[in-house]
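Quick note on labels: first sequence line is chain A, next is B, and so on, each numbered from 1. Keep in mind that this is a model prediction, so the values were computed, not measured.
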Amino acid sequence: MSATVFLRRALQLIPVLFGVSIVSFIMIHLSPTDPVLLMLPSDAPPEVVESMRARLGLDQPLPVQYIQWLSHVLRGDLGESIRMYQPVSTAILEHFQNTLVLAATALAFAFLAGVILGFVAAVKRDSAIDRLSMIVAVLGWSLPPFWLGLVFIIVFAVQLDWLPTGGMYNASAIEPDYRELPRYLVLPALTLGLRHMSYIARMMRSSMLEVLGQDYVRTARAKGLSQRTVLLRHAFRNALIPVVTVAGVSVGRLLGGAVIVETVFSWPGLGDLVVNAIIGSDFPLVQGAALFIASLFVFVNLLVDVLYGLIDPRIRYT
Amino acid sequence: MSERATLSSAAAALPRQRRWWQRLFANRVAMIALIGLLVIVILAIIAPLLPLPPPNTPNARLRLSIPGENGFVLGSDTLGRSILSRIIWGGQISLGVAMLASGTAMLLGLPTGLVAGYYGGRVDDILMRLTDVFMAFPIVLLAITIIAALGTGLSNAMLAAGIAGYPLYARVVRGSVLTVREMEYVVAARAIGASNPRIMLRHLLPNVLAPLIVTFTLDVGNMIILTSSLSFLGLGTQPPNSDWGNMIAAGRTHIRTAPHLVLMPGTAVFLVVLALNIAGDALRDALDPRLRN
Amino acid sequence: MSENKQLSRREFLNIAGISASSVVLASIGGAALAQGTSEGGEPIVLGVGSIADAGLATTATPCQVPCQFMYRSLVEYNYKDGSHEIVPALAHSWEVLDDGLRYRFHLRDDVILHDGSALTAAVMANWINMQTDENHPNFSCGHQREKHRLGAHDRVEVVDDLTIDFYITRVNPAQMDWFTQNAYAPFSLPALEADACDIILQPVSTGPYKYKEWDRGVRVVLEKHDGYYDPEVGQTPNLIVRAIPEPEAQIAALEAGEVHWIEGISAEDAERLRSMSGIQVRDRKTLYVYFLHLDNRIEPLNDVRVRQALNYATDNDSIVYGILGGAAEPSYSPLSPQFGPFYAGDQAPRYDYNPDKARELLAEAGLSGGFETTIHTTTTPRAGQERSVEICEFIQSNWADVGITANIEASDWQSFESQRVTGAFPIASRGWTPWTGDPDGTILQNFHPEWHPPNGRGVCFLDDDEATNLMNHARGLTDLDERAAAWIEVQKRIVALAPWVFIHHGVIFEAHTDRLKGYNPWPGGIAAGMDYAYLE
């Protein structure tokens, strides 16, 4: 991918990001609940309510409010959370770290397991292994994550008592001990990753099959290269290209899935934060988090495009 | 498992050895899934006629019966209501809402994709950039944000899921339109002065139908998961009505002492989505043999 | 002011509340819990249901569980014995002057706040003014600021370094109860001057424990304040308050030894826990009351017949014996029977379950076809609210029997309570343990027009001249017998007006490990008195 192509793609993001900011802003301002009343004690006199409203600029017309908000956002100021009593940006970043840990683990699991499963299924096409891995894939794709999480809790945390039911660290110890993190990570990461694993496995299988039918693979075979070399050097690498794109799309979905999975496992991440913010009508926080997640997704897609260019030889060598 | 990428190229007609339904019927697993699906849908529709205890009438003294106890086949919930009955009645809501949500998404996405694909250029740019904006939000997040704006409740959850789901349809339709837009019969129709709406409806729409049906089938499965997730978060169906999502949410507080409260409705979601996915895959294979590997 | 009579009331509460709370000891053998060594360093871990209860500041509810350990007020209830007796705290003694309109407090000279500064009358006066004086520089940051939690407060005057006078607006026999409230627990003046509003989130106050860490939504960690004046209090180096929203998860955590005390368990769970070794279940018959409030201004709830019909249509017995497993008694008054001589009992009208009567009353009100309404409730199993959704769903079906369609909207505690207190809901559930042990606190806050939002939480908007006059009369009396008789008259009138759907007075269960010693449950609050506890 040449620099100009990259630049053009990057420039295309601007209108999308602009749209994302409008959507994030508008959604919240359509809500019937008055955020000012939620920020003040119940006995606040009307004049205090009005002065608070003015201080926050909420007495201005919507377009004015939007521009004010946007100008603050561009300076990195997302406002003050109503319920967390801290700046929205602080709340988002603190929780995003946790989501990142979870989503990265889930993605790594989904990608590795999915690619291996799909690869083996394609190579052993129509064998029992193929059928089994595709059954696993369709089952995995059909399991509702919020329910799967609860089933995992019932089986592995409650019945077998092998793993904790939720959280990120042992909250009963005075100092958090993050060496135990893996134990807390297993169930939510599996829950979050399973659907993506299924998806990647199927993608990998069909991509592999397509590649195996291509001329250059036949040529390579005809040249007498070993099966191993053909599969790994030629087929695998080319089959991976569309899968990487898909994995990029998965990042956005993982962030979405995290909303549910974090709620189930009390994982103190961005998803948990957003759900609580929505339930608690914490508008600045919902707005900021929506903007953050959507922008992140847009940038990840750009990154995937770049990555795609790097691993696709046809693009790299032109 | 409908994906934008794999579907966009669907539907261009290839010489077919067998009719699509013959191929579909030949797929035994898919047939089992379809029949199972049909049974569940029929059960949900005829729920009022079935000899079931009323789903919303509590019997506080028979609460938390295990399956088989006190005459409850699948046990009773926290207020002593039959779980079987609530699953079947709740199926009306869960299935209905998911189908309506997919329908809403299709209703928004079909014209968008059709117009964008057909006109191309500036129109395409604007419509697809808009679609990109909505696609930038993870679907669950977009749906719950929309609910935050509209308020909680069943119809809002449905609408939110529909809005959040429309980009998928817009892209599938646009992709299909692009593949046929420059075909001879379309060019010819334009040459003899057919109006744009006519071309879109008479010549483009039929070509879009096959991928649209496949997308819809697979999307309903996803929508069941999405809308029941919303209900699980307390943003969808409100009590006393049950859908599978809020039944699971209600059972969550009894996960240690009465796990069947979570397991039963969850199994219903799982089986229906599984059947939809198997059927959808088979339908795709049948309608578009090129995608068969 | 008749101190004797007041004491006798408290003694009564003492007997009724605490002695009735049976301490059930499970078999003591093999009490070894899955927990490490119990060195002096082990923290006491409390499991609470609501994140708000494990947080330091919320707009709607004053921070409860962690804050009570960080704050000490002028006086306090006897948490050590778990009674409503008022005992000295920051003030070692006090006098009532000007015929009950002025209270003079003599502060201890050895009170050190968390930042090492000393308590003086000026520190206390600043704290009070911050809550009441709109010109005070820190006025706007009082998340704590709720004027009605100061009782009949008028103004405060510093007499000398350790003497302070509180003037009140009217004779108020319950004013001493208000002096126990957090609103009278001062924050450090230097800290307020340095950090202004920020220290509301990291209190620098007077209690035996001080702020260490707050992981929002997860837990609050407190550590012992070494400068605390009473060496008997604060025996454990750390207290941790954890949010564990699922009751079953709380129980599992208790069984596993991850937490040492849990609140808000149901009667069924209590029964199960009683049979476990190493765990003590305690129950408190309290001033608790569970009700649905009805907004008396809104059609058709402005018709007393409709409100009565809703009461008749509600099958309290099934709620008490079915859903609550008998761990409650049906309610007939805003006051719990634990209020003793103040409880109206049979003298007030009773609304026993009678759907026919309900239909009749609705027909009289021209609503034989029923009507549609919404019951708001909370999904958070906070102590006293554990079964709210289930109870509301049950009531929903009761009401459907008489033709009323009730929707239920259930939300989490913070969002529910912050809207409820503004009067946003026509009908909402609430389980509540009055904090002060005086009928004044319970009845006035809910039914007196002075407490209508936004000035208070009288979300029924009951505005009945006769009831108001009766309340005004009762709150001025000091003689116990007269007071009791007057409050009974108040209840008779209020119950007849049916501003609530009276549901039940529950028994509150809590459970803790056998190793937790020195803790006496106090009838009025959650985990109050835990600062006397230690692990064995």
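A:Leu150 CG to B:Leu263 CG: the interatomic distance, rounded to the nearest 0.5 Å, is 9.0 Å. From B:Leu271, atom CG reaches atom OG of A:Ser142 across 9.5 Å, with rounding to the nearest 0.5 Å.
Proximity to chain B is absent for every atom of A:Leu254, based on heavy atoms less than 4.5 angstrom apart. Heavy atoms of A:Val16 lying under 4.5 Å from chain B belong to its backbone as well as its side chain. Residue contact with chain B, scored on non-hydrogen atoms closer than 4.5 Å, involves the backbone and the side chain of A:Ser24 alike. The contact between A:Val264 and chain B is made by backbone and side chain atoms together, counting heavy-atom distances below 4.5 Å.
Closest non-hydrogen pair, A:Ala290 versus B:Leu141, comes out as CA-CD2, 4.1 Å. The two atoms that bring B:Pro138 and A:Gly256 nearest to each other are CB-CA, 3.2 Å, heavy atoms only.
A side chain to side chain contact (heavy atoms under 4.5 Å, CB included) with A:Pro144 holds for exactly one of B:Val273, B:Val269, B:Ile248; it is B:Val269.
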Query - CA sep, side-chain torsions, deciding dist, call: B:Leu218, A:Trp141, side chain to side chain contact (heavy atoms under 4.5 Å, CB included) - result: CA-CA 11 Å; B:Leu218 293 166; A:Trp141 182 252; over 6 Å; no
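One N or O on the side chain of A:Trp147 and one on the backbone of B:Val262 form a donor-acceptor pair closer than 3.5 Å.
Chain A forms more heavy-atom pairs under 4.5 Å with one residue of B:Ile278, B:Ile146, B:Val133, B:Leu276 than with any other, namely B:Val133. Listed options B:Ser228, B:Ala249, B:Gly221, B:Gly251 were ranked by heavy-atom pairs under 4.5 angstrom with chain A; first place goes to B:Ser228.
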